[in-house]
Structures are given as C-alpha cells and as structure tokens.
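Source: prediction; values computed, not measured. In what follows, residues are counted from 1 in the order of the sequence shown.
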Amino acid sequence: MMRGIAVSPGIAIGRVFLKTEQNLDFAEKTVTSAEKELARLAVALKQAESELKELIVNIGQKLGHEEAEIFESHLMLIDDPELIEPIKEKIKDEKINAEAAIAQTINFFSQMFAELDDEYIKAREADIKDVGKRLIRILSGQGKSTTELEENTVVVAIDLSPSDTAQLDTAKVLGFVTQEGSRTSHTAIMARSLGIPAVVGVGKELSVSIKQGRLVSGQTIIVDGNGGQVFINPDFETEHEYQQKREKYQQEQERLKKYKNKEALSKDGKKVEVCGNIGNIRDIESILEHGGQGIGLFRTEFLYMDRDTLPSEKEQFKVYRQVAEKMDGKPVVIRTLDIGGDKELPCLDLPKEMNPFLGYRAIRICLDQPDIFKTQLKAILAASNYGNIKIMYPMVSSVDEVKSANRILWECKKELAKEGKGYSQDLEVGIMVEVPAAVMEADIIAQEVDFFSIGTNDLIQYTIAVDRVNEKVAQMYTPYHPAVLKLIKKTIDSAHQAGIWVGMCGEAAADELLLPFLLGVGLDEFSMGAVSILRIKELLSKWTVEEAAEVSKRVLKLHSPDGIEDYLLKVAR
Ligand code: PEP
Ligand code: MG
C-alpha cells in the first residue's frame, strides 16, 4: 500500500499501465555551422507550433477550454525569448547541436525552479520540460507517442506531462497514480476535469517498486481518490472491500447528481444558498460542476504567496475579473488579504512572533499598511463591473476596524472615479465573524456592513483557546463545543435583527451532523469545498425548518461537546 495526495475523488480498480518516459535518444554533437542548427531549430519551433495548435483544438473539444489553456501556455513558451534566446545563444557560442542546447537550457531552468518550494512554479517547470521534450522529439525525427491502452487501465507514472495525458485514450483510463505532483499539478487538474480518480505525490516508493520489479504493467491496482491510498496486487479481502466502497460511492454520486442544478431548499421549501470556497481560479470549475450557487469565500492569499514582490493592482484585477466572469453573475465573496497566523508571506518579510494567531495578521496588517490594502481594494472594485462581487474583511475584532476599513474603501472609490474607472454601485461589504469579540459586538458591527460570514476554523480556536494546528490539543478542537454553537446563534440573531444575511465559510458549514443545527438557527448561506456541496444540498432537503429548529433548541440546552455530538448523531438523516 502506498499513500499520496487524493486529488480527484472516486475509487478505481483496474490494471496497471506503467507509463514510462518516452526515450528521447540524442547525442550531443559539436557542429561546424551554427546557422544550420539555428535553421533546424526554427523548423522544429514551427512544427511544434502546428502540433500545439492542433492539440488546443482537440483538447478544447474533448476537455474544454480550461484544459486547452495548458497548451496555450506551451505555445507562448515556444515564442518566449527568455526561453528560446538562451538556446540560440548556446548554439552560437558553444557550437553544439540544437537538441543538446535545448536539453541544457531546460535543465538549467528546471534546476532553478526546483529550488523554489512553490506548487505553481513546479507546474510551470513541468510546462517547460514538456515543451523541451516536444522540441527534441521533433528534432530527432521521432513521431508522436501514441499509447494503445487496454480497457480498465490505471495509468501509473513518475509524472505525467500535459502532453502525455493529452495523448492517452482517457475513455479507457479508470485512474491515475503518480510519484510526483500536487493538488495543482497537471495530472490533478486533468483528472478532476475528467472525473477520473487520482492519487499523486506518492513519493519515491513508486520508482523503487518499479526498479525492484514489484510494480509492473498488468497488475491489479486500487486507487482511492477519496482517501489517497493505492494498493498494488491487493488481497481478496481488500479488493472486495474496495469493490463495495466503489459501488457505494458511485451510487451516492448518481443519487446526488439530481441536486446539481437545483436550488438549495429545506424540506418545506426554505431557500438557502450552498456555495463553494476557492483558493484560485482553477477551483471554480469543480465548484460549478458540483452545483455551487456562488463563491462564498475566495481566499486571495495565494496571489501574495511564494513571491518576492507584492502583486500589482493590474495583476489582481485580472484574476478577480476572471473569477467574476467565470461565475457569470453568481455571487463571489472576495476576502481581502488574510495573512499571518499559519500563513507566511515572504514578500512582506514579517518578523516571527510568539503568538502568531494573536498577532500581526489579516485586517490588522491591512489597516497598518494601507498601501497594500488599497491596491487590493481598488483591484476588487474595478473587477466588480464584471460580475456579482462582494468584499469581505477577515479577522475583525471591533467595529472601529470595520469603520477604518470602510473609510479606506471609500477613498479607493473616490480615487477610481478620478481615474475614470467605474465600479459596481451596489457592491456588498461584509466581514468574517471568527473572533469572539466580533460576535459580542455583532449587533453594532452589523450596522456597518451588508453581511457576515462565520469563519468557524478560527472561531473555534479563539473561543476554546485551542490552537487549530497543534496536534496535541486536536481532540479539544471541535465545532460541537456549546460555546461555539452559542456564538454562532448569537451572530445569526444579531445579523437578522439588523436585517443582514449570514453565511458560514469555515469547515463546519460542510459538517453533516451540524446541518440541522445550522438550518435551525437560520443560517442563510453555507460555503464549502466543492466535493461537499451536493451532499449538503441533499441533507438540507431532508429537514423542515421547524424540525431543524427543534434540534437546535435541544442542542443549545446541552453542555458537553461529546453529548452534543451524540445527540446530533442520533437525529442525523
Ligand atoms: C475560518 O477561519 O473559518 C476561515 C474560513 O478562514 P481560514 O480557514 O482561511 O482562516
Ligand atoms: Mg480564518
């Protein structure tokens, strides 16, 4: 058994197909005429261009525009002087053949990127390598590698390049397993959009198993894309267990499909919203596929992470606009920078703190360094012309913070108007309610904003004084603590009295046991990771508001987390 990152849900049981690297044999040669090599390179670039254009059309039809974009980026790479010029220089200066010049240049970039521990850059590294392989293959006169697959295949590889995946007959592929890769690697993205279970990043054990002959094509393999486990040559019991799991999962998926295009309604017809949480643009597709009615939380931190400089207004605008357009009028709640705590930001060079979760973070940084805040607010405002965008401030602990943030927002609006840029006049502004102080002041804060979104991930840690990332106290970290549940109720009551709506974007929004409680206390919007959306829509349809209110009343009379959990388990549907 091997363990990796479950990046595309579902269970596959099939036969291993080892996809080994296509052997690109070429010898490094010194050449007498650099001109001749440069001409060969030019021909190869032309050929690569036409291959890529063909792929973009094919993939676009097969998998949609999003996936074809990978090859659009390859097309840009073969036209990018930063990559192509060094290759030409090498040919001219070192008088080596084009294949060797390409291989050396790609290696150089690849090593440079490998030193950066950044998922995004790693994916770009894969793009560069893929382009390099394509060029060398063309120059060496080798044809495209098309792989004949048997039915019920699980593709196992060290890593799969986008081109590798594009050439597979995916109708015959049941699953993917790779040694390398992350949630944002191409294999992961491709697998998710094809709906094929995948586990990536299983580590060195995979290549060792191949080397030692323990992993060969044709063996039976189980891929658990929900739990991240991979079994090779499973025993009878394990295979039987996973066959049943697969059946159950498939039945559940079938059953849940009917909720995709439905509104989220309680049994007696009360309308609520079930939305998705995203960390980048790529997550949107999955949210929509799972019937998300909007984005309840866009964590914008990724735009700022793993880089030396802060993202410009223009750069941010492009991203926010794209998100708004992709959501096509559905609500998109963009949370302003929520950095600090367990999220570091190299481009700000923040000093280490004794108590980072209680320290210089989120809205505190933004109010202290308004330039950073204004750049983001202006980008969001400008993007609000292109969809239904809302702004949300994180980590609010007092009404003064909200007033200060709104004042800065107002300044941004004035500046934009001066610059002749428009913004949506009815853009809503809200806060994350994730600090107990904000709950206690919720009635006052509600006068200043249009909505609340309860961040239970932090609310739990600040309420019970239990670090959300400390395993030693993990058993104390629970949404079923009566104090947490009372704070949730108080937040919702205060908001409704002030006439504003309340969502929840912490993990508790997708907690199946908690659902009747949340419906019962009147939560208006639930926001969560894509895979939970359909199930929560289904569960909502099983409760009337009255039944749910009865559950929440009972829960609020209980005083131990375990007792509450037991009770919720007993009434669960
Ligand atoms: C939360 O605190 O519940 C939340 C949604 O925000 P994050 O997990 O990003 O802190
Ligand atoms: Mg939080």
Side-chain angles (χ1 to χ4, degrees), residues 7-8 19 21-22 24 41-84 87 98 102-103 105-106 109-110 113 119-140 142-147 149 155 157-173 176 178 180-196 198 200 280-286 289 318-319 322 325-326:
V7 291
S8 181
K19 174 106 179 75
E21 297 255 305
Q22 192 189 6
L24 291 176
L41 176 68
V43 172
L45 286 168
K46 264 262 156 289
Q47 163 88 15
E49 184 186 332
S50 84
E51 281 185 19
L52 284 167
K53 282 186 173 158
E54 195 185 315
L55 260 177
I56 290 167
V57 174
N58 288 344
I59 299 288
Q61 283 164 355
K62 212 159 91 182
L63 295 173
H65 178 67
E66 181 92 357
E67 298 315 314
E69 270 179 13
I70 293 171
F71 298 101
E72 306 249 11
S73 72
H74 290 195
L75 205 52
M76 268 150 61
L77 275 173
I78 58 168
D79 202 27
D80 185 346
E82 287 200 45
L83 178 69
I84 304 304
I87 298 174
I102 292 167
T105 309
I106 300 288
F109 279 113
S110 176
F113 286 170
E119 280 188 18
Y120 179 79
I121 302 261
K122 285 223 160 78
R124 301 293 72 76
E125 179 197 352
D127 286 334
I128 290 192
K129 274 188 178 161
D130 205 11
V131 166
K133 272 203 288 186
R134 181 179 300 280
L135 289 172
I136 293 173
R137 196 204 72 231
I138 294 170
L139 282 162
S140 331
Q142 298 173 47
K144 286 188 230 170
S145 72
T146 39
T147 315
L149 292 181
V155 178
I158 303 301
D159 200 7
L160 285 169
S161 68
S163 303
D164 291 335
T165 334
Q167 271 146 20
L168 294 170
D169 179 0
T170 45
K172 293 176 178 165
V173 177
F176 290 109
T178 61
E180 286 162 15
S182 62
R183 274 204 70 75
T184 51
S185 60
H186 291 311
T187 313
I189 294 160
M190 198 77 86
R192 275 200 295 274
S193 55
L194 287 165
I196 295 176
V200 305
N280 58 55
I281 298 177
R282 289 202 175 276
D283 296 341
I284 294 179
E285 203 168 325
S286 185
E289 242 165 54
K318 261 167 98 178
V319 174
Q322 235 180 316
E325 286 179 339
K326 273 183 195 272

Flag yes if more than 12 heavy atoms outside Lys172 fall under 6.0 Å of its NZ atom; otherwise flag no. yes
Close side-chain approach of Leu135 and Leu45, heavy atoms under 4.5 Å: yes
Given side chains that start at C-beta, do those of Leu41 and Ile102 come closer than 4.5 Å, heavy atoms only? yes
Just say parallel, tilted or perpendicular for the rings of Phe113 and Phe109, cut-offs at 30° and 60°. tilted
Mind listing the closest non-hydrogen atom pair of Ala157 and Lys19 along with its distance? CB-O, 3.6 Å
Supply the atom-to-atom distance Leu75 CG to Glu69 CD, rounded to the nearest 0.5 angstrom. 12.5 Å
What's the shortest heavy-atom distance between Ser8 and Ile196, and which atoms? OG-O, 2.7 Å
Roughly how far, to the nearest 0.5 Å, is the CD atom of Glu180 from the CD atom of Glu125? 8.5 Å
Would you say that Arg134 contacts Leu55 through its side chain, given a criterion of any heavy-atom pair below 4.5 Å between the two side chains? yes
Only one of Lys53, Glu51, Gln47 passes side-chain contact (heavy atoms from CB on, under 4.5 Å) with Glu49; say which it is. Lys53
List the atom of Leu149, the atom of Asp169, and the distance in Å for their closest heavy-atom pair. CD1-O, 3.9 Å
Please name the pair of heavy atoms, one in Pro81 and one in Asp79, separated by the smallest distance, quoted to 0.1 Å. CD-O, 3.2 Å
Shortest non-hydrogen contact from Ala98 to Leu139? CB-CD1, 3.8 Å
What I'd like to find out is whether the side chain of Lys326 reaches to under 4.5 Å of the side chain of Gln322, using heavy atoms alone. yes
A side-chain contact here means heavy atoms from C-beta on lying under 4.5 Å apart; do His74 and Ile70 qualify? yes
Nearest-0.5 Å distance that lies between atom OG in Ser50 and atom CD1 in Ile138: 7.5 Å
I need the Phe71 CZ to Ile56 CD1 distance, nearest 0.5 Å. 8.5 Å
Spacing of CG belonging to Asp159 relative to NZ belonging to Lys129, to within rounding of 0.5 Å: 7.5 Å
Interatomic spacing from CG in Asp80 to CG in Leu77 - rounded to 0.5 Å: 6.0 Å
Over all atoms of both residues, closest heavy-atom pair of Leu83 and Ile128: CD1-CG2, 4.2 Å
